Asks: 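The following block contains the structure, expressed as structure tokens.
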Amino acid sequence: MKKIGFILISFLVGFFGGLGIKYTYESNTFQPYKWTTNPIVVNCYGKDFSKLQMTRALEYWALREYSAAFYQHEPPEGVCENEWLEGFILLKKDNRLPEPSLAATKRWTSLNKMRGAVIYYKPGAFNLYLINEHELGHAFGFQHVEKIGHVMHPKFQKMGRDFYVP
């Protein structure tokens, strides 16, 4: 019985210790994750998602040498049924985002490499100035920056077009 208790405690210490290390790394690194290949961006939000807005956001990042393989505005049937896909950034609508969030990006990573991402938008939020650029920044692996005017600022009202590595 002691042996099982020791193994369980060792597992818990290792698990939570690993989570702490990962959290500390992510909190102190501006771009803790990178794609090994350019991701495919897919509109799973719906037909009312602005193709022009996403094209502009992708151009913003391409000018900074972070590119998508391509953008699929009208994806093939079945692609959007997935929660996430390796090598893809999926754009989805979500009415359940907590206030004051306008959008949120969930990333899947492994050994500091991006494997997939999903950007969730409140209905209509994709039309807001710089929201697509900001969320794509997360999908490209970047964290928030507390500098007014930086595209990765955590507060929408303080975001701007600036991008630089702090």
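This one's a predicted model, so the numbers in the text were calculated from it and none came from an experiment. Heavy atoms only: backbone and side chains are in, while hydrogens, waters and symmetry mates are out.
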Asks: Group every Ile, Leu, Val, Met, Phe, Trp and Tyr by side-chain heavy-atom contacts under 4.5 Å, then state whether Phe126 and Ile119 land in the same group.
Replies: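 Cluster IDs for Phe126 and Ile119 match.
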Asks: Of His144, His150, His153, which is the lone residue that meets ring pair (Phe, Tyr, Trp, His ring centres under 6.0 Å) with His134?
Replies: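 Output: one option passes, namely His144.
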Asks: Among Tyr71, Trp35, Phe163, exactly one meets ring pair (Phe, Tyr, Trp, His ring centres under 6.0 Å) together with Trp61. Which residue is that?
Replies: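 When Tyr71, Trp35, Phe163 are each tested with Trp61, the ring pair (Phe, Tyr, Trp, His ring centres under 6.0 Å) holds only for Phe163.
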Asks: Compare every heavy atom of Val145 with every heavy atom of Pro154, then report the nearest pair and how far apart it is.
Replies: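 Heavy atoms only, the tightest pair is CD-O, 3.5 Å.
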Asks: Once you round to the nearest 0.5 Å, how far does CD of Gln157 lie from CD1 of Ile148?
Replies: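 Gln157 atom CD to Ile148 atom CD1 measures 11.0 Å (nearest 0.5 Å).
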Asks: What heavy-atom pair brings Leu136 and Ala57 nearest, and what distance separates the two atoms?
Replies: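 Minimum heavy-atom separation between Leu136 and Ala57: CD1-CB, 3.7 Å.
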Asks: So if I apply the side-chain contact (heavy atoms from CB on, under 4.5 Å) rule between Lys92 and each of Tyr120, Tyr121, Tyr45, which one comes out positive?
Replies: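 For Lys92, the side-chain contact (heavy atoms from CB on, under 4.5 Å) test succeeds with only one of Tyr120, Tyr121, Tyr45, which is Tyr120.
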Asks: Within this structure, what is the CZ-OG distance for the pair Arg96 and Ser101, rounded to the nearest 0.5 Å?
Replies: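 The distance works out to 13.0 Å.
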Asks: So do the side chains of Leu128 and Leu102 get within less than 4.5 Å of each other, counting heavy atoms only?
Replies: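 A side-chain contact under 4.5 Å exists here.
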Asks: Could you state the interatomic distance from OG1 (Thr36) to CG (Leu111), rounded to the nearest 0.5 Å?
Replies: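 Atom-to-atom, Thr36:OG1 and Leu111:CG are 11.5 Å apart.
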Asks: Can you see which heavy atom on Val151 is nearest to which on Met159, and at what distance?
Replies: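 Closest pair (atom of Val151, atom of Met159, distance): O-SD, 3.3 Å.
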Asks: Please evaluate residues Met54 and Leu91 with respect to the criterion side chain to side chain contact (heavy atoms under 4.5 Å, CB included), reporting the C-alpha separation (whole Å), side-chain torsions for both, the decisive distance (0.1 Å), and the verdict.
Replies: CA-CA 10 Å; Met54 185 50 61; Leu91 313 173; 3.6 Å; yes
Asks: Could you tell me the separation between the CE atom of Met114 and the OG1 atom of Thr37, rounded to the nearest 0.5 Å?
Replies: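 Answer rounded to 0.5 Å: 11.0 Å.
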Asks: Before you tell me yes or no, could you show the steps for Lys51 and Thr55 under side chain to side chain contact (heavy atoms under 4.5 Å, CB included), namely the whole-Å CA-CA distance, both residues' side-chain angles and the distance that decides it to 0.1 Å?
Replies: CA-CA 6 Å; Lys51 184 176 185 179; Thr55 301; 4.1 Å; yes
Asks: In the structure I gave you, are the side-chain heavy atoms of Lys47 and His73 within less than 4.5 Å of one another anywhere?
Replies: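 A side-chain contact is absent here, since even the closest heavy-atom pair is not under 4.5 Å.
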Asks: Do Ile89 and Met152 share a hydrophobic cluster, counting only Ile, Leu, Val, Met, Phe, Trp and Tyr and linking them when any side-chain heavy atoms are less than 4.5 Å apart?
Replies: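 As far as the 4.5 Å side-chain criterion goes, Met152 and Ile89 are connected within one cluster.
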Asks: Could you go through Val41 and Leu58, starting from their C-alpha distance and side-chain angles, then the distance that decides it, and tell me whether this counts as side chain to side chain contact (heavy atoms under 4.5 Å, CB included)?
Replies: CA-CA 9 Å; Val41 180; Leu58 289 166; 4.0 Å; yes
Asks: Which pair of non-hydrogen atoms, one from Gln72 and one from Pro75, has the smallest distance, and what is that distance?
Replies: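 Shortest heavy-atom separation between Gln72 and Pro75 comes out as CG-CA, 3.5 Å.
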Asks: What's the shortest heavy-atom distance between Ala117 and Thr105, and which atoms?
Replies: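 Closest approach of Ala117 to Thr105, heavy atoms only: CB-CG2, 4.4 Å.
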Asks: Are Val118 and Phe49 co-members of a hydrophobic cluster defined by side-chain heavy atoms under 4.5 Å apart?
Replies: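 Phe49 and Val118: separate clusters.
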Asks: For Asn132 and Glu135, indicate whether the former's side chain and the latter's backbone hold a donor-acceptor pair under 3.5 Å.
Replies: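 Checked: no pair found.
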Asks: Which of these passes side-chain contact (heavy atoms from CB on, under 4.5 Å) with Pro123: Asn95, Asp94, Asp48?
Replies: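 Of the listed options, the one satisfying the test is Asn95.
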Asks: To the nearest 0.5 angstrom, please state how far the CG atom of Asp162 sits from the NZ atom of Lys147.
Replies: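 Rounded to the nearest 0.5 Å, the CG-NZ separation comes to 11.5 Å.
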Asks: In terms of hydrophobic clusters joined by side-chain contacts under 4.5 Å, are Val42 and Trp108 together?
Replies: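 Linked within one cluster.
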Asks: Does a side-chain N-to-carboxylate-O contact under 4.0 Å join Glu99 and Lys122?
Replies: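 Result for this pair is yes, salt bridge flagged.
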Asks: To the nearest 0.5 Å, what is the distance between CD1 on Ile40 and CD on Glu86?
Replies: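 Output value for this atom pair is 11.5 Å.
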Asks: Check the pair Asn127, Ser50 against side chain to side chain contact (heavy atoms under 4.5 Å, CB included), reporting the backbone distance first and the verdict last.
Replies: CA-CA 7 Å; Asn127 281 319; Ser50 172; 3.9 Å; yes
Asks: Taking everything shown except Lys106 itself, do over 12 heavy atoms lie less than 6.0 Å from its NZ?
Replies: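 Open: at most 12 neighbouring heavy atoms sit under 6.0 Å from NZ of Lys106.
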Asks: If we only count heavy atoms from C-beta on, is the Lys34 to Phe140 side-chain gap below 4.5 Å?
Replies: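 No. Closest side-chain heavy atoms not under 4.5 Å.
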Asks: In terms of hydrophobic clusters joined by side-chain contacts under 4.5 Å, are Leu85 and Phe70 together?
Replies: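 Leu85 and Phe70: one cluster.
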Asks: Evaluate Phe142 against Tyr33 for ring pair (Phe, Tyr, Trp, His ring centres under 6.0 Å), listing each step before the verdict.
Replies: CA-CA 7 Å; Phe142 294 104; Tyr33 305 107; over 10 Å; no
